[in-house]
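Excluded from the calculations below are hydrogen atoms, water molecules and symmetry mates; all remaining heavy atoms, backbone and side chain alike, are included. The structure presented is a predicted model; accordingly, all values stated were derived computationally and were not measured. Chain naming here is simple, since letters A, B, ... match the order of the sequence lines and numbering starts at 1 in each.
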Amino acid sequence: MSAVETSSKLDAKIPAGPIAEKWTRYRFENKLLAPNNKRKFHVIVVGSGLAGGSAAATLAEQGYKVTCFCFHDSPRRAHSVAAQGGINAAKNYQNDGDSVFRLFYDTVKGGDFRSREANVYRLAEVSSEIIDQCAAQGVPFSREYGGLLANRSFGGAQVSRTFYSRGQTGQQLLLGCYAALNRQIKSGGVTMVTRHELLDIVQVEGHARGIVTRDLKTGEISSHAANAVVLATGGYSNVFYLSTNAMGSNVTATYRAYRRGAFFANPCFTQIHPTCIPAAGDYQSKLTLMSESLRNDGRVWVPKKQGDTRKPREIPEAERDYYLERKYPSFGNLAPRDIASRAAKEACDDKRGVGPGGRGVYLDFKDAIARLGKDAVAARYGNLFDMYNRITGENPYETPFRIYPAPHYTMGGLWVDYNLMSTIPGLFVIGEANYSDHGANRLGASALMQGLADGYFVLPATIAQYLAGFKGLVSDTRPAAFREVEQDVKGRLEKLLQVGGNKSSASFHRELGQVLWDKCGMSRTEAGLKEALGKVKDLRERFWKEVRVPGRIDQLNPALEEANRVADFLHMGELMCHDALQRDESCGAHFREEHQTPDGEAKRNDQDFCYSSAWEYTGDDAVPTLNKEPLEYENVKLAVRSYK
Amino acid sequence: MDLTLNVWRQERADAPGKIVSYDVPGVDEEMSFLEMIDVLNERLIEKGEEPIAFEHDCREGICGSCSMVINGVPHGPQPETTTCQLYMRHFKDGDTIFVEPFRAKAFPVLRDLIVDRSAFDRIQQAGGYISINTGNAPDANATPVNKEASEAAIDAAQCIGCGACVASCKNASAMLFVAAKVSHLSLLPQGQPERYQRVLNMVSTMDDEGFGACTNQSECEAVCPKGISVSYISRMNRDYLRASVSTPV
């Protein structure tokens, strides 16, 4: 048990009772809203990915009046669409010893004991219902010959609990919730507003009462009011410039909410995914993930000899180092992501990396093809092999994949209580945008699970608690607060257009990404983080003097959209470094070089750091204030996380 | 390599557009097509000119955002490849490349290479779903699905909604898109209760949105980045005929 005191500003509102009964009891004790009353409440959902889309559809099914916003031309393009590998659920269809408790345990352990027990248990509990819901919607999961659902394994688990749809599980789940959303749009339950970007949130009397958006087609700035606002706006991996996220994924919604008083939790917990295609040159615009599912059958290796330039097939078996199998014999190639990423970096730092610049390791299917045959491998992973071939021009059936870690997911996000409400009353945060369930490292196939758990099952139940306090519909954008925020938003956009320098915003974004990747990426040190804090601040000052944003505010202007997002990333990078510096321990994806075991594993400090860090905004250039939520483990014993 | 790019520039929906020529020297063959345009855009911004507006997002070939016609072919010359996954190694030094937006009456140009494809959303709102509320589902394994049907449903469901099928068709028909959507659900047992009403509603919305008719040229299949087969169009036509001539009960 840690001696950390809870900040008086944080109340996690965890229900009483044994962990397995909390959610059931909570729902029973929750206030119910009659259907005819639900019509009187208006909810704004921002984002239409798995979390936002499922929440908007479900809230409308329950009778609420819902308006859903997305910045894409269609809700189907949200970045959830790109998830490849799968979605976890504690179905135990394989009869291999899985259970709700095991999924809960694996997730808490996978997160290196930095997540809130009650939330994670609830996630594991609703996981089964998600699969039922999606199958009933017509999501075409991969199946066995008997017609039942197929499963595969993912990192950090010794059971097979991952459901999938070939290599495009994200798109199929998203199309399922997009279909549910379309049904509600058709029936009038959801008003869908596309090509609108949230630029700020509005509070009236201390409660979130609406948002200010920019119409990306016309540039019009407008206000929208509601009884509650739900942010489902995804993660901030693009702070690193190069990441597996889509080009448009950004931090603006959550960062703007942070500036207005929502605490940002664990911003330094950022996941670096081990299996991505290495960068090819300076012009590289994003990195492409190769699904972790490849590690089911592929074997990761580097040459034993430093600087070995032979072709992979010319290196004999005895001269290869299958380092994951060697270091982690019980999990082998399925070691969790943070561990596999660091091991790859270690091999490359040791000059045993392969490909251009020595920043790559092999992922080899030779043995799998010999064991299963090329056809069976193609049936499981064909689309991933094709994608790799399209991008690199190499054929992975004949020569091993070259892979390297890349920023992929952010465990950090806005702090939320058990109700998924932030520190601003009435502002709810779901999916990757919140911080709640994955601790310091997320396990594979758990992001889709969390997005849909929050959207289909958790938020629709918890938001009623808050709405029950209202007398009627909120749709009035006349309060002065809306005008003030609109003016703020316009002022900022005009300021961007007026800088009149001669550099693109992308050039600043690239520089920011390089600083963070070097100093706040896979491994971090006190000196490096202090250096990064200075560099990011300088970069931000230069940005506001030297950037050039072409075009006008009142037109479709992608360059203005990008500049506005980069401006927020330049603040977010600083917040991450503050958090990484303050957390003077290693845990999960947060690896401080000062804190490691003799064999290079992360060394946690539960005595002093067993808490979530919730940062409070104090000014654009001020150091934020830290609020601590101690983490109490009553059902899982704090232990050294071993995958050996 | 050094290239010449001839790009459609159009400031807004109701403004006239024209082809503008740009020299793009120093293109690396490991760049993607969109990275090549990124490089050109950065140069334009530094010179004080307006960058080329184009739609893009995941750059992994799955979100369906990219919508360029490259040398007359939607998504360019590589089979089963979206523009974002097209690499410059497929071009050669000295090439002149024409880049235009997807063109169809139902896809008006918004700016430069960006078009409005919201008609696709409205077609799906007309019935591209199975009516089930959250929380009503039986156990997922309570309804086994024949493996062949399941695989055929996945093949159809791979559609990324990019609209290349429409852009390639001389009639600007959306039949391959609608057929993929209809077939995905009609192949599964879960989709049966609404099967015939669904096809009628979606086809009628497709017509209302201004898409043309199908004249069986299969250009849609040839450009589809997911290789979706025109046999789904036949499947949809069978359902449509059945729905039109019979009553459900």
Practice item. Side-chain contact test, heavy atoms from C-beta onward, threshold under 4.5 Å: evaluate it for B:Glu46 versus A:Lys503 and give yes or no. Key: no
Point to revise | Donor on one side chain, acceptor on other, B:Asp139 and A:Tyr93, under 3.5 Å | key: yes
Review point. Under 3.5 Å, side chain of B:Gln125 to main-chain N/O of A:Ile185, donor-acceptor pair present?
Key: no
Practice item. Dump the intermediate steps for side-chain contact (heavy atoms from CB on, under 4.5 Å) on B:Ile114 and A:Leu556, then the final yes or no. Key: CA-CA 10 Å; B:Ile114 299 180; A:Leu556 199 170; 3.8 Å; yes
Check your understanding: Does some side-chain heavy atom of B:Ile154 sit less than 4.5 Å from a side-chain heavy atom of A:Ser165?
Key -> yes
Check your understanding: Heavy-atom distance under 4.5 Å between the side chains of A:Ser74 and B:Arg117, does that happen here?
Key -> no
Point to revise | B:Asn141, part contacting chain A, at a heavy-atom distance under 4.5 Å | key: both
Review point. Under 3.5 Å, is there a donor-acceptor pair linking the side chains of B:Glu42 and A:Ser507?
Key: no
Review point. Are any of the side-chain nitrogens in A:Arg77 or B:Asp121 under 4.0 Å away from the carboxylate oxygens of its partner?
Key: no
Study note, to complete from the structure: Most heavy-atom pairs under 4.5 Å with chain A, out of B:Leu188, B:Asp38, B:Ile132, B:Asn136, belong to B:Ile132
Study note, to complete from the structure: Nearest heavy-atom contact between B:Ala140 and A:Leu149 is CB-CD1, 3.5 Å
**Study point:** Side-chain heavy-atom pair A:Tyr283, B:Met36 within 4.5 angstrom cut-off
**Key:** no
Exercise for review: Please confirm whether the backbone N or O of B:Leu110 pairs with a side-chain atom of A:Lys217, one donor and one acceptor, at under 3.5 Å?
Suggested key: no
Review point. Can you tell me if A:Ser285 and B:Arg59 form a side-chain donor-acceptor pair at under 3.5 Å?
Key: yes
Check your understanding: Can you tell me if A:Gln171 uses its side chain to pair, donor with acceptor, with the backbone of B:Gln158 under 3.5 Å?
Key -> yes
Check your understanding: Do B:Ile160 and A:Gln168 have side-chain heavy atoms sitting under 4.5 Å apart?
Key -> no
Check your understanding: With no hydrogens and no angle check, is any side-chain donor or acceptor of A:His72 less than 3.5 Å from a backbone partner on B:Cys63?
Key -> no
